[in-house]
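Single-structure report; data block below.
Numbering of residues begins at 1 and proceeds along the displayed sequence. First listed ligand is number 1; within each ligand, the first listed atom is number 1.
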Amino acid sequence: MPEVRDQLGALGVVEKDSPFPFPIKRVYFLYDVPSNAVRGSHAHKMLHQLIVAVSGSFEVELDDGRTKTKFLLSSPNAGLTVPPGYWRTLKDFSAGSTALIFASEEYDPSDYIRDYDQFIAWANS
Ligand code: TYD
């Protein structure tokens, strides 16, 4: 993530025309997440996302239907790109952590696959 750092701290910035994996249409954030909570547990058919731990840390597991890969996000200047077609699970949120998520589309419930068996069938089709 773009960062401006000096002796007074760091500033992260993303603008409309910043180099980014996709054009941004939506930004949302997760906070006050209990440490035992599991968020996500769904896939998207079209949506691209980029996830940043702007404070604290949490784990993101990505599953393409064959392989599961875990990422520990713990730095505000590093983002994880999640293309469409990955079952994602976010967990192990540290106290006070905040997940900032950039998304390529506006909120659309019809883009979600919330059933794992349906996801596997969709991924294999
Ligand atoms: P959801 O995407 O299931 O969150 P997570 O994957 O982090 O567990 O969304 C949780 C709720 O928030 C659900 O009722 C839909 C709503 N929501 C919106 O209204 N707008 C949004 O942009 C998002 C991401 C969720």
Side-chain angles (χ1 to χ4, degrees):
M1 299 295 292
E3 181 187 76
V4 182
R5 182 179 286 278
D6 60 24
Q7 65 276 19
L8 300 179
L11 182 153
V13 57
V14 177
E15 291 182 297
K16 182 169 69 69
D17 295 326
S18 296
F20 216 73
F22 49 82
I24 301 160
K25 285 204 183 152
R26 176 168 53 113
V27 178
Y28 64 96
F29 43 101
L30 304 175
Y31 58 98
D32 283 349
V33 181
S35 60
N36 61 353
V38 178
R39 309 250 357 177
S41 298
H42 62 254
H44 286 281
K45 296 180 232 173
M46 302 289 287
L47 187 73
H48 294 254
Q49 291 177 302
L50 190 146
I51 306 174
V52 184
V54 286
S55 65
S57 64
F58 49 88
E59 180 192 291
V60 183
E61 183 182 275
L62 298 183
D63 174 359
D64 65 1
R66 281 173 296 186
T67 308
K68 296 178 182 175
T69 309
K70 291 180 179 176
F71 301 87
L72 177 66
L73 299 193
S74 60
S75 173
N77 62 10
L80 176 68
T81 304
V82 184
Y86 284 89
W87 188 267
R88 84 284 315 280
T89 309
L90 284 70
K91 64 179 185 179
D92 292 341
F93 285 80
S94 68
S97 59
T98 303
L100 182 65
I101 296 126
F102 298 90
S104 64
E105 305 296 336
E106 293 169 18
Y107 177 62
D108 176 6
S110 71
D111 189 61
Y112 282 69
I113 305 173
R114 290 193 178 274
D115 179 90
Y116 189 74
D117 291 339
Q118 277 180 18
F119 164 67
I120 294 298
W122 179 85
N124 288 330
S125 68

Practice item. Find out whether Lys45 and Ile113 are in side-chain contact, i.e. whether some heavy atom of one side chain is under 4.5 Å from a heavy atom of the other. Key: yes
Practice item. Name all pairs fulfilling the ring pair (Phe, Tyr, Trp, His ring centres under 6.0 Å) condition that reach into residues 55-81, sequence neighbours left out, sorted by first residue then second. Key: Phe58-Phe93
Exercise for review: Start with the C-alpha gap between Trp87 and Ser41, add the side-chain angles, then the distance that decides, and say whether side-chain contact (heavy atoms from CB on, under 4.5 Å) holds.
Suggested key: CA-CA 6 Å; Trp87 188 267; Ser41 298; 4.2 Å; yes
Check your understanding: Quick one: side chain to side chain donor-acceptor pair (under 3.5 Å) partners of His44, sequence neighbours excluded?
Key -> His42, Asp111
Practice item. Taking atom types as modelled, find out whether Tyr86 and Gln49 have a side-chain donor-acceptor pair closer than 3.5 angstrom. Key: no
Pair up each side-chain donor or acceptor in residues 116-125 with any protein partner under 3.5 Å, not counting sequence neighbours, and list the distances.
unit_1: Tyr116; atom_1: OH; unit_2: Asp63; atom_2: OD2; d: 2.5
unit_1: Asn124; atom_1: ND2; unit_2: Ile120; atom_2: O; d: 3.2
unit_1: Ser125; atom_1: OG; unit_2: Trp122; atom_2: O; d: 2.8

Point to revise | Those protein residues which place at least one heavy atom below 4.0 Å from ligand 1 | key: Arg26, Tyr28, Leu30, Arg39, Gly40, His42, Tyr107, Tyr112, Arg114
